[in-house]
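Atoms considered below: every heavy atom in the structure, side chains included; atoms not considered: hydrogens, waters and symmetry mates. Lettering of chains follows the sequences in order, A, B, ..., and the numbering in each one begins at 1.
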Number of protein chains: 2
Amino acid sequence: MEIHQLRYFVAVAEEGNFSRAAEKVRVAQPSLSQQIQKLEAELGQPLFDRLPRTVLLTDAGKRFQEFAQRILAGVADAQRCVDECKGEAVGRLVLGAIPTIAPYLLPRLLQQFQHKHPKVSIEVIEDVTENL
Amino acid sequence: MEIHQLRYFVAVAEEGNFSRAAEKVRVAQPSLSQQIQKLEAELGQPLFDRLPRTVLLTDAGKRFQEFAQRILAGVADAQRCVDECKGEAVGRLVLGAIPTIAPYLLPRLLQQFQHKHPKVSIEVIEDVTENL
DNA sequence: TAATATTACGTATTACGTAAAGATT
DNA sequence: AATCTTTACGTAATACGTAATATTA
């Protein structure tokens, strides 16, 4: 069982149609068909009844759908969760800069940086020799 | 993000050691290392601090671990869920058998079958000609 | 030197797309 | 004929293992 298979499965379940599901998940329709078959083989039973007009979930498929959706939601949550950590730098930044240029470039850059990393304290040293 | 990557990640998080984790999930250690790197790349940040003696979860890694475990638990649940559907055959089974042999083989087989498929009603016909 | 993680690289698996076939209306 | 799914098959992506290379104690 793989995550992309779960995406395909949910798409077919929602669309009731392999072709439209394939467009939705942006994959060739036979490829999607293969992945669904593979998933069904691994689970040991069919997830869909392939009827002439539409594709319906089997009982097992209905059950499975809820789990699949919860898993995919979990994946999305996990993504978002670590994204929140991303810019969360903390600490202290000491920055050396050439006195002549500093006032012209730094203000905007530092403002952007502070916005992204509010927990970092910044100190700018224009004349480095003072600290030698 | 793939399910096997989550398994690898959880193993490393639990073992605090790539080598032992690799044994646990039965994969070569460099392969596991690669998959972790790939996962970290996709998430946009490291999940582990590679320290000399051990491997520790980063803040993002700690957060991610909970989600990963929930996802894997969901996968296991999904498997179990559809397994429950498996033997749930319902309906009626009419079985023809050679009269001489039937009494010797069928009782045990039918008992097993009924145990697995309690919702199937069974009829045994020993003399098929009666039904022609 | 021992223990551990990463990089390099060739191989085997596999997901994919295109084309053809099957099935149903 | 038209619509939809599956089968067939070659290609491309990739997960894997082995071997070599850091890195640290």
Side-chain angles (χ1 to χ4, degrees), chain A residues 1-62 64-65 68 71-72 75 78-79, chain B residues 1-62 64-65 68 71-72 75 78-79:
Chain A
M1 189 191 312
E2 295 296 336
I3 288 173
H4 67 270
Q5 292 172 341
L6 298 183
R7 285 193 217 285
Y8 297 174
F9 164 75
V10 169
V12 176
E14 287 176 354
E15 295 291 331
N17 177 302
F18 277 67
S19 304
R20 282 200 300 276
E23 290 180 25
K24 194 173 183 178
V25 297
R26 305 198 165 241
V27 75
Q29 186 270 331
S31 302
L32 180 143
S33 192
Q34 283 177 356
Q35 291 305 307
I36 297 292
Q37 286 176 44
K38 196 174 174 187
L39 181 59
E40 290 176 321
E42 181 180 344
L43 294 176
Q45 51 190 327
L47 296 168
F48 296 106
D49 283 324
R50 277 77 162 173
L51 301 178
R53 265 288 167 251
T54 59
V55 173
L56 289 182
L57 286 164
T58 60
D59 288 345
K62 282 178 199 158
F64 190 71
Q65 183 180 23
I71 292 169
L72 293 178
V75 171
Q79 285 273 12
Chain B
M1 189 191 311
E2 295 297 336
I3 288 174
H4 67 269
Q5 291 173 341
L6 297 182
R7 285 193 217 285
Y8 296 175
F9 164 74
V10 169
V12 176
E14 287 176 354
E15 295 291 332
N17 177 303
F18 277 68
S19 304
R20 282 200 300 276
E23 289 180 26
K24 195 173 184 178
V25 297
R26 306 199 163 239
V27 74
Q29 186 270 331
S31 301
L32 180 143
S33 192
Q34 283 176 356
Q35 292 304 308
I36 297 292
Q37 287 176 42
K38 197 175 174 186
L39 181 59
E40 289 176 321
E42 181 181 343
L43 295 176
Q45 51 190 326
L47 296 169
F48 296 105
D49 282 323
R50 276 77 162 174
L51 301 178
R53 264 289 168 248
T54 60
V55 173
L56 290 182
L57 286 164
T58 60
D59 288 345
K62 283 178 198 158
F64 189 71
Q65 184 180 22
I71 291 169
L72 293 178
V75 170
Q79 287 272 12

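- Side-chain proximity of Gln35(A) to the nucleotides dA25(D), dC16(C), dT5(D) is greatest for dC16(C).
- Among dA25(D), dA5(C), dT7(C), the nucleotide with an atom closest to any side-chain atom of Arg53(B) is dA25(D).
- The interatomic distance linking Leu39(A) (CG) with dT14(C) (C1') rounds to 15 Å, in whole Å.
- Between the CD1 atom in Ile36(B) and the NZ atom in Lys38(B) there is a gap of 12.5 Å [rounded to 0.5 Å].
- Residue Asn17(B) has a polar side-chain atom (N or O) positioned under 4.0 Å from OP1 or OP2 of dA5(C).
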When the side chains of residues 4-12 of chain A are checked against the rest of the protein, which donor-acceptor pairs come out under 3.5 Å, sequence neighbours left out?
{"residue": "His4(A)", "atom": "NE2", "partner": "Gln35(A)", "partner atom": "OE1", "Å": "3.2"}
{"residue": "Gln5(A)", "atom": "OE1", "partner": "Glu2(A)", "partner atom": "N", "Å": "3.0"}
{"residue": "Gln5(A)", "atom": "NE2", "partner": "Gln35(A)", "partner atom": "OE1", "Å": "3.0"}

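- Among the nucleotides dA25(D), dA5(C), dT6(D), the one closest to the side chain of Ser19(B) is dA5(C).
- Tyr8(A) comes within 4.0 angstrom of the backbone, heavy atoms only, and of no base.
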What are the atom names and distances for every N/O pair under 3.5 Å that joins the protein to nucleotides 17-21 of chain C?
{"residue": "dG17(C)", "atom": "OP2", "partner": "Ala28(A)", "partner atom": "N", "Å": "2.5"}
{"residue": "dG17(C)", "atom": "OP2", "partner": "Ser31(A)", "partner atom": "OG", "Å": "3.1"}
{"residue": "dG17(C)", "atom": "N7", "partner": "Ser31(A)", "partner atom": "OG", "Å": "2.9"}

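- In the set dT6(D), dA5(C), dT14(C), the nucleotide with an atom closest to the side chain of Phe18(A) is dT6(D).
- Of all nucleotides listed (dT14(C), dT7(D), dT6(C)), dT6(C) comes nearest to the side chain of Arg50(B).
- Taking atom CD1 of Ile3(B) as the reference point, atom P of dA15(C) lies 12 Å away to the nearest angstrom.
- In this entry the distance linking CE of Met1(B) with C1' of dT14(D) reads 18 Å, nearest Å.
- With dA5(C), dT24(C), dC16(D) as the candidates, the nucleotide lying closest to the side chain of Ser33(B) is dA5(C).
- Per the geometry, CD belonging to Glu15(B) stands 16 Å off C1' belonging to dA5(C), to the nearest Å.
- Rounded to whole Å, atom C1' of dT5(D) lies 12 Å from atom CD of Glu40(A).
- Between the CG atom of Asp49(B) and the C1' atom of dT4(C) there is a distance of 16 Å, given to the nearest Å.
- Listed by chain and number, the residues in a side-chain hydrogen bond (donor to acceptor under 3.5 Å, both in side chains) with Glu14(B) are Lys24(B) (sequence neighbours excluded).
- dA15(C) atom C1' lies 20 Å from atom CZ of Phe9(A), rounded to whole Å.
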Under 3.5 Å, which donor-acceptor pairs do the side chains of residues 55-62 of chain B form with other protein atoms, sequence neighbours left out?
{"residue": "Thr58(B)", "atom": "OG1", "partner": "Pro46(B)", "partner atom": "O", "Å": "3.0"}
{"residue": "Thr58(B)", "atom": "OG1", "partner": "Leu47(B)", "partner atom": "O", "Å": "3.2"}
{"residue": "Thr58(B)", "atom": "OG1", "partner": "Gly61(B)", "partner atom": "N", "Å": "2.9"}

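- Taking Arg53(A) as the reference, nothing meets the side-chain hydrogen bond (donor to acceptor under 3.5 Å, both in side chains) condition, with sequence neighbours excluded.
- Look at CD1 on Ile36(A): it is 12 Å from P on dA15(C), rounded to the nearest Å.
- Among residues two or more places apart in sequence or in another chain, the side chain to side chain contact (heavy atoms under 4.5 Å, CB included) test is passed with Gln29(A) by Phe18(A), Ser19(A), Ala22(A), Ser33(A).
- Note: Ile71(A) CD1 to Phe64(A) CZ = 6.0 Å, rounded to the nearest 0.5 Å.
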